[in-house]
Amino acid sequence: MTNAPEGGGGVLGVVEDAAVVVENGVVAWVGPRGRAPQGAEERFDAEGRALVPGFVDSHAHLVFAGERAREFEARMSGLPYTAGGIRTTVAATRAASDDELRGTLRRLVAEASRSGTTTIECKSGYGLTVEDEARALRLAGEHTSEVTYLGAHVVPPEYADRPDAYVDLVRGPMLEACAPHARWIDVFCERGAFDGDQTREILTAGMARGLVPRVHAGQLGPGPGVAIAVELGAASADHVTHLTDADVDALASGTTVATLLPGAEFSTRSPYPDARRLLDAGVTVALAADCNPGSSYTTNIPFCIAVAVRDMRMTPAEALWAATMGGAKALRRPDIGHLAPGARADMVLLDAPSYIHLAYRPGVPLIAKVWQAGEPVT
């Protein structure tokens, strides 16, 4: 599965009985095995198994301390999810040492890699002080170049009675400290977090410092997040569980990717977003894991693919495309998410004859081997 449909094989650019040639970490050639260039220094026989591009996880929160299993248990027992639980993780993260945070981050990145993720985005958002947010971004940068400043995750307890003062901090001194360590800026535009005016103020301040906007939008209910994301040319609007017709029209007419995070709905028993509605409207859709300790404690993209096919009305092909090329588009990365000449050689070998097995065999460890820039990582 190349995601290069110009060569035939449908939207996934499927090549049967295929070969891939890698040179210096990039794809040099891909096509039918019988036409492959000869003289390779090293050969690998996939033995009839399927090869797909590495998964691109464009939404993750990996710099944190502690866990919230009790909160999950309570929610599964009937209590609703709200944004307030984030503050529990904030307290634990502030108290943690750099080495403790590094340990969690390293563990989760390795876990994601074992399940086929070769590119992962990572947000701050569990420090919510100038020093702790900058620290989170520096640590995230040790593992990925796709680093997102999310000082506007929630208003921390010490600013509960002064939310506007916290907004000023986020778009002022905190932004100054964090911008050098980030590529993206994000805001949780949601009830219990930040309203539309606050979201716009924070994002435009970040854009003035050279950061590209993303938006948490429409997770808990309809709101202005999608409209603001499209208005500002954000790379993605994430969650988008609750959408108006105007939201769908806006996404279809703009360049903002709709990133769906089924792990959050699975872990909160919320309604799943209707991917079919977005796809039929012509919206570019990505799938990501949203790994975080409160509402989606998974790094497993194959799980997200299976849920998207089962409960979000995506076909297996659409779900795989969204988890590879869709994620690449959400990160504005033309070098990943596909296997065509010039692309980074990020590849996942499935212990199955077809990509369909990712949804057909949910929960089964089908990742046989992973290469990142042509080098084996599992």
Side-chain angles (χ1 to χ4, degrees), residues 59-66 68 83-106 108 120-190 192-216 225 228 232 234-235 238 291-294:
H59 186 124
H61 307 252
L62 306 180
V63 185
F64 63 85
R68 283 152 59 187
I86 293 169
R87 296 181 179 90
T88 302
T89 301
V90 169
T93 302
R94 288 177 177 179
S97 68
D98 286 7
D99 285 344
E100 288 171 327
L101 296 177
R102 277 194 181 97
T104 298
L105 178 60
R106 188 181 304 116
L108 293 172
I120 195 164
E121 181 260 11
C122 185
K123 305 177 191 297
S124 66
Y126 290 124
L128 308 187
T129 69
V130 173
E131 296 77 13
D132 286 305
E133 286 296 292
R135 174 174 70 148
L137 295 171
R138 287 195 301 270
L139 294 175
E142 295 175 1
H143 291 273
T144 181
S145 61
E146 303 301 340
V147 178
T148 301
Y149 166 48
L150 183 59
H153 203 179
V154 295
V155 176
E158 63 269 27
Y159 282 90
D161 298 327
R162 300 176 295 138
D164 289 341
Y166 184 67
V167 170
D168 289 340
L169 179 71
V170 169
R171 65 191 183 99
M174 190 182 287
L175 174 61
E176 291 299 311
C178 291
H181 307 291
R183 181 184 178 199
W184 309 97
I185 184 168
D186 199 346
V187 177
F188 191 11
C189 183
E190 193 64 71
F194 297 88
D195 65 24
D197 291 340
Q198 294 167 332
T199 297
R200 187 178 286 102
E201 289 177 17
I202 293 166
L203 292 178
T204 53
M207 293 168 69
R209 285 300 312 270
L211 302 183
V212 182
R214 327 180 69 80
V215 184
H216 281 60
I228 293 170
L232 297 181
D238 298 28
C291 181
N292 74 83

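Keep in mind that the numbers below use all heavy atoms, side chains included, and drop hydrogens, waters and symmetry copies. None of the values given here were measured: they were computed from a predicted structure.
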Distance check, rounded to the nearest 0.5 Å: [X] atom [atom1] versus [Y] atom [atom2]?
X: L211; Y: I202; atom1: CG; atom2: CD1; answer: 12.5 Å
X: R106; Y: L62; atom1: CZ; atom2: CG; answer: 13.0 Å
X: R138; Y: R102; atom1: CZ; atom2: CZ; answer: 9.0 Å
X: Q198; Y: R171; atom1: CD; atom2: CZ; answer: 10.0 Å
X: R68; Y: T89; atom1: CZ; atom2: OG1; answer: 4.0 Å
X: L169; Y: E176; atom1: CG; atom2: CD; answer: 11.5 Å

Can you name the nearest heavy-atom pair linking [X] to [Y], along with the distance?
X: W184; Y: A235; result: CZ3-CB, 3.4 Å
X: A140; Y: C122; result: CB-SG, 3.7 Å
X: L105; Y: H143; result: CD2-CD2, 3.4 Å
X: T129; Y: M174; result: C-CE, 3.6 Å
X: P213; Y: L203; result: CB-CD2, 4.0 Å
X: V215; Y: C189; result: CG1-CB, 4.1 Å

Subject >> Parallel, tilted or perpendicular, as decided by the 30° and 60° cut-offs, for the rings of H216 and H61 >> reply: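 Rings of H61 and H216: perpendicular, over 60°.
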**OP:** Determine the interplanar angle of the Y126 and F64 rings, folded into 0 to 90°, and report it as parallel if under 30°, tilted if 30 to 60°, perpendicular if over 60°.
**Re:**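 Perpendicular, since the angle between the ring planes exceeds 60°.
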Original post:
Should V167 and Y159 count as side-chain neighbours, where that means a heavy-atom distance under 4.5 Å?
Top reply: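 Sidechains of Y159 and V167: no contact.
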**OP:** State, with a plain yes or no, whether a side-chain heavy atom of K123 is found less than 4.5 Å away from one of R214.
**Re:**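 Yes. Closest side-chain heavy atoms under 4.5 Å.
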**OP:** Step by step, work out the side chain to side chain donor-acceptor pair (under 3.5 Å) result for R183 and S145.
**Re:** CA-CA 8 Å; R183 181 184 178 199; S145 61; over 6 Å; no
Subject >> Name of the residue among E158, E131, E133 meeting salt bridge (charged side-chain N to carboxylate O under 4.0 Å, His left out) with R94 >> reply: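 The single option meeting the salt bridge (charged side-chain N to carboxylate O under 4.0 Å, His left out) with R94 is E158.
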Return yes if some donor-acceptor pair links the side-chain N/O of [X] with the main-chain N/O of [Y] below 3.5 Å, else return no.
X: S124; Y: L150; answer: yes
X: E146; Y: I120; answer: no
X: T204; Y: E201; answer: yes

**OP:** Start with the C-alpha distance between R135 and L101, add both sets of side-chain angles, then the distance that settles side-chain contact (heavy atoms from CB on, under 4.5 Å), and finish with yes or no.
**Re:** CA-CA 10 Å; R135 174 174 70 148; L101 296 177; 3.5 Å; yes
Subject >> Residues, nucleotides or ligands: over 12 heavy atoms within 6.0 Å of D98 CG >> reply: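 Correct, the count exceeds 12.
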Original post:
Under the side-chain contact (heavy atoms from CB on, under 4.5 Å) criterion, do T148 and E121 qualify, and how do the steps go?
Top reply: CA-CA 7 Å; T148 301; E121 181 260 11; 2.6 Å; yes
Original post:
Should V154 and L128 be marked as a side-chain contact (heavy atoms from CB on, under 4.5 Å) after you check the CA-CA gap, both sets of side-chain angles, and the distance that decides it?
Top reply: CA-CA 8 Å; V154 295; L128 308 187; 3.8 Å; yes
Original post:
Is there a side-chain contact (heavy atoms from CB on, under 4.5 Å) between V155 and F194 once you walk through the steps?
Top reply: CA-CA 8 Å; V155 176; F194 297 88; 3.8 Å; yes
